[in-house]
Visitor: 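Pasting in a structure now, in structure tokens, and then I'll have a few things to ask.
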Amino acid sequence: MFGNKEKNLEKIKDAETIIGGSIKVKGNFHGKGNIIVEGSLEGSLKTDASLLVGEKAKISANVLAKDAFVNGSITGNVKIEKDLFIGKTAKITGDISCEQVSIEKGAIINGNFIMSPASSDKGQERGSEKAPQAKK
Amino acid sequence: MHLYIYDDFLSKSRYNKVLSKIETRLTDLGLSGKIIRLNNLKNSDKAIKEEIKQGAKTIVAVGNDYTISKVLNVVMDNDLNYFSKDIVISFIPTSSSSLAESFGLINAQQACDVLLARRIKDVRLGKCLNNYFLSNIKILGNNTEILINKNYQITLLKNKSCYIINIPTKELSKKIPNIREKNQEKLFLFIENSNQDYSFFPADNIELKKQANISLIADHCITCQTPTEISLSEKRVRFIVGKNRAF
């Protein structure tokens, strides 16, 4: 996934749901397609596909998705089935679980990381580790 | 048999010319039929229903967005459930019309040709309380609260325009390309603040609470009251469309 980051980002732009910057969503948001969040969301967020969290987005919810690109703020547990990309403007307060992760310098993460093994990939770093508590 | 339903406003003399052109074109194309004028809505409803029961299969609304909306709501009446599955609806716009554009109808002359070509598209109707709508509902107001799928609530902090879309207008389909490819059996809530900032939600059910400062306009012509519930109806209509339709 990370090798084709640009391609994947382009694909997610054709999202099924877009929460714009001037929108506030409250409740249990469950989708099947790609979701882009640029505004604010409170409650829970779940999708069977990819999630893109914009720089100005504020999510106070437990998040469940297949893949995720996070550039904004998330307060809640983040459970990603496959790959998680955390951008330099991201701020995550909560536990994170995923199969693979990429973290840019500048991201703020407060919580535990649980890396679950990929079903097909072998020989990659696995296990559970404590995430950095301070700003990188 | 074709049944042409002329809106009330077409009785004004300034529409004589356009009506004459339409009638000449329809005669040339061999599409002549019976005409009903909507001068008294209650009697017209009865007359339209009677014609449908007696075998009219192609109902052509001649007028503007309001005409097609009125005709649609008569044809979809429960009295006609037995007959409505065989009915095909068409539209001849006598002036510029957003709904006509959605259906690929450019002007009255071209709409007559489209009627002859008989390209039929099955359209699932939207329902806002007791009104059926084809295209969209525009929501006007500030600090509007919208409940989607009974699961989550959206608050519009500031917004330029807000639509609940069943069939997009040409203008909306430019902003959200391939809208119907995204999800075939859903309504879409589209909120635009600026070109760069817009929101888009697929929805089965949309609820608006009673709010004093908000109004809803279905298909550019029918005003709906709040509180209301908007969803896709089980009813479908077969519509004659042009090549350049927006869906």
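Chain A is the first sequence line, chain B the second, and so forth, proteins listed ahead of strands; every chain is numbered from 1. Below, all heavy atoms of this structure are taken into account, side chains as well, without hydrogens, waters or symmetry copies.
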Visitor: Would you compute the distance between atom CD1 of Ile19(A) and atom CZ of Phe200(B) and round it to the nearest 0.5 angstrom?
Guide: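 Ile19(A) CD1 to Phe200(B) CZ: 13.0 Å, rounded to 0.5 Å.
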Visitor: How close do Thr17(A) and Phe201(B) get, counting heavy atoms only, and between which atoms?
Guide: CG2-CD2, 3.7 Å
Visitor: Hey, what do you get for CD1 (Ile23(A)) to CG (Leu189(B)), rounding to the nearest 0.5 Å?
Guide: 7.5 Å
Visitor: NZ of Lys49(B): more than 12 outside heavy atoms within 6.0 angstrom?
Guide: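 Result for NZ/Lys49(B): enclosed.
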Visitor: With a 6.0 Å cut-off (strictly less than), is the heavy-atom count around CG of Asp122(B), excluding the residue itself, greater than 12?
Guide: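 Yes.
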Visitor: Which atom names give the shortest non-hydrogen contact between Gly20(A) and Ser199(B), and what distance separates them?
Guide: N-OG, 2.6 Å
Visitor: More than 12 heavy atoms of other residues, nucleotides or ligands under 6.0 Å from NZ of Lys235(B): yes or no?
Guide: yes
Visitor: Count the heavy atoms of every other residue, nucleotide or ligand shown that sit under 6.0 Å from NZ of Lys57(B), and state whether that count exceeds 12.
Guide: yes
Visitor: Under 30°, 30 to 60°, or over 60°: which ring-plane class applies to Tyr152(B) and Phe29(A), parallel, tilted or perpendicular?
Guide: tilted
Visitor: Specify the closest pair of heavy atoms between Gly21(A) and Asp197(B), including all atoms of both residues, with the distance to one decimal.
Guide: N-OD1, 2.9 Å
Visitor: Does atom CD of Glu55(A) have more than 12 heavy-atom neighbours from other groups under 6.0 Å away?
Guide: no
